[in-house]
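The block underneath contains the structure these notes are about, expressed in structure tokens.
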Amino acid sequence: MNTKSYFFCGIGGSGMLPLANIVAAHGAAVAGSDRALDQGRSSDKFDWLRAQGVALYPQDGSGLTDGQQILIASAAIEDSVPDVAKANALGCTRMTRAQLLSTLFNQAAAPIGIAGTSGKSTVTGMTGWILADNGKDPSIMNGAVMKNFTGDDTPFASARTGNGAHFVSEVDESDGSIALYQPDIAVITNISLDHKTLEELRQLFGDFADKARALIWNHDDAESRALFAERGKNVASSFGFNDGADFQAVNVVEQPLGATFTLRALGGEYQVNLQVPGRHNIANALSAIAAAHHAGVPIADAVDAMARFSGLARRFDIVGTANGISVIDDFGHNPEKIAATLRTLKAFPGRVLAFFQPHGFGPLRVMGKELAQMFVDELDGDDAVLLCDPVYFGGTVDRSIGSADIVSAINTAAADKAGAQTSDTKPLTATHIPDRAACADWLTQHAKPGDRIVIMGARDDTLSKFARDLILPMMA
């Protein structure tokens, strides 16, 4: 029983909310504040938290009244923020989300860390579901709502508290906090440019892998092969489509809303059926099955559970169809994640209208060039790209690179690509409309039967409502 008292600054965040749920389930007192609450956003989430007994306060320091409270806040939050200033005045201990999560993770008997540039949330959900379905009763910490665990009382099931030995958690490398975790089983989905340089990522992922008893790594990923193929510091299983992978997918049949394939592993063959589409999700399933195998689940039982995995909210989440136009809500926010979503869409007929809301100005400075080229590589002249301005919730920020710069880069690269092909090749076109509401008008005016509209972006819960709200005007 945890008798501590935690105050979460930003409790509605995708990383904070599930962590608050886990410590509350262990008996701790939990309270919190959130800027979105003060701004009247995401009211359903905060109503649900109150119903769970979580006390919510304005982000003005009023929720901190006792020096024994532990403040959970991002390391990036300044001391001038009222909650932080009040905690400092009271002498409260301050921890980051990663410090608290890694403490819980490392205390578990059999912690399973899911790391990598892309696919972490899905693999966490898949692995957690396989273990739960096979009676392992795991605890799960995710950054997304897991549909298999949702219900009337658990609409925001991004966490699960179990009594078993296993603690399955998404582990973040973007802030370097991956160094805090001590996994028994380490899964590394892939390694590519995101928030840090490749040199930094190689060091972080390599050190993380070396701590684990068992390592699961991506045989198809050149960076992972270079880092792990001959590392030899633990039991390792690779996964992928190519020959040489320990857990290999062959005879792949992609479908609009799922996939089937044959799994070759440890001398056996198994028929796998998935309810989630795309080759990236086949790779995710391979890694989850491998992780579950190392956690003691027979491969045949893991495969059986995978057939009932229903996916995550905001991961290729089809929110509705109207007048022959489908709207998909997706968490894609870096080149690797967005490319996986676009490839899934382009595997089947129909024009793609890709809307992207950048999750801040900083990421555009780091990966803007790669982002623009990715859209050009994955889409063609029949498709369209639309960007609004980056999401911004206050504070000081360098706005030297914005959405207009990315749109300009897309159009330049698309024109160059078309010019290098035949003279009548139609280039991809990108459009920048600063205001998101005006983007909704653009999408409903330009969409036609057979189109797929995909809404992409991170760190903004209102994107799901934005996606849902597109359906009604298209029904007219």
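Nothing here was measured: the structure is a model prediction, and the numbers come from that model.
- Within the structure, the salt bridge (Lys or Arg N to Asp or Glu O under 4.0 Å) test picks out the following pairs touching residues 177-188 (sequence neighbours left out): Asp184-Arg213.
- In terms of heavy atoms, Ile112 sits closest to Ala295 at CD1-CB, 4.1 Å.
- Nearest approach of Asp383 to Val352, heavy atoms of both residues: OD1-N, 2.8 Å.
- The shortest distance between side-chain heavy atoms of Met367 and Pro335 falls below 4.5 Å.
- Here the side chains of Leu90 and Leu64 are in contact, with some heavy-atom distance below 4.5 Å.
- Applying the side chain to side chain contact (heavy atoms under 4.5 Å, CB included) criterion to Ala186, with sequence neighbours excluded, gives Pro183, Phe208, Ala212, Leu215.
- Distance check: Ser33 OG to Ile11 CD1 gives 8.0 Å after rounding to the nearest 0.5 Å.
- Each side-chain hydrogen bond (donor to acceptor under 3.5 Å, both in side chains) pair with one or both residues in residues 144-158, not counting sequence neighbours, appears once here: Lys147-Asp317, Asn148-Ser310.
- When the side chain to side chain contact (heavy atoms under 4.5 Å, CB included) test is applied to Ser118, the partners found at least two apart in sequence or on another chain are Asn190, Asn334, Glu336, Lys337.
- Counting heavy atoms from C-beta on, the side chains of Asp137 and Arg160 come closer than 4.5 Å.
- Annotation: ring pair (Phe, Tyr, Trp, His ring centres under 6.0 Å) contacts of Phe46 (sequence neighbours excluded): none.
- The line from CG of Leu428 to CG of Asn411 is 7.5 Å long, rounded to the nearest 0.5 Å.
- The two atoms that bring Thr124 and Met141 nearest to each other are CG2-O, 3.6 Å, heavy atoms only.
- Phe205 is linked by a ring pair (Phe, Tyr, Trp, His ring centres under 6.0 Å) to nothing, counting only residues two or more places apart in sequence or in another chain.
- In this structure, the ring of Phe156 has its center less than 6.0 angstrom from the ring center of Trp48.
- Taking the six-membered ring where the residue is Trp, Phe361 and Tyr392 present perpendicular rings, their angle passing 60° and hence far from 30°.
- The 12-atom threshold is exceeded at NZ of Lys45, counting heavy atoms of other residues, nucleotides or ligands nearer than 6.0 Å.
- What you find for Met146 and Ala159 is that their closest heavy atoms are CE-N, 3.9 Å.
- The local environment of CD in Gln68 is sparse, with at most 12 non-hydrogen atoms from other residues, nucleotides or ligands closer than 6.0 Å.
- Annotation: side-chain hydrogen bond (donor to acceptor under 3.5 Å, both in side chains) contacts involving residues 431-441, sequence neighbours excluded, comprise Gln357-Arg436, Asp389-His432, Arg436-Asp460, Arg436-Thr462.
- By the ring pair (Phe, Tyr, Trp, His ring centres under 6.0 Å) test, Phe331 is found to be paired with His333, residues two or more places apart in sequence or in another chain being considered.
- Residue pairs meeting the salt bridge (Lys or Arg N to Asp or Glu O under 4.0 Å) criterion with at least one member in residues 351-361, sequence neighbours excluded, are Arg351-Asp451.
- By the 30° and 60° cut-offs, the orientation of the rings of Phe105 relative to Tyr181 is perpendicular.
- Residues in residues 10-23 take part in no side-chain hydrogen bond (donor to acceptor under 3.5 Å, both in side chains) pair, two or more places apart or across chains.
- For the residue pair Thr161 / Ser139, no side-chain donor-acceptor distance below 3.5 Å is found, with atom types taken as modelled.
- With sequence neighbours excluded, the residues that form a side chain to side chain contact (heavy atoms under 4.5 Å, CB included) with Asp207 are Gln203.
- At a threshold of 4.5 Å between non-hydrogen side-chain atoms, the residues Ser121 and Arg315 count as touching.
- When side chains are defined from C-beta on, Asn218 counts as touching Phe239, because their heavy atoms get closer than 4.5 Å.
- Note that the CD atom of Gln59 and the SG atom of Cys9 stand 4.0 Å from one another [nearest 0.5 Å].
- Take Gln107 and apply the side chain to side chain contact (heavy atoms under 4.5 Å, CB included) test, not counting sequence neighbours, and it matches Thr103, Leu104.
- Side-chain atoms of Lys465 and Val319, non-hydrogen and from C-beta on, never get closer than 4.5 Å to each other.
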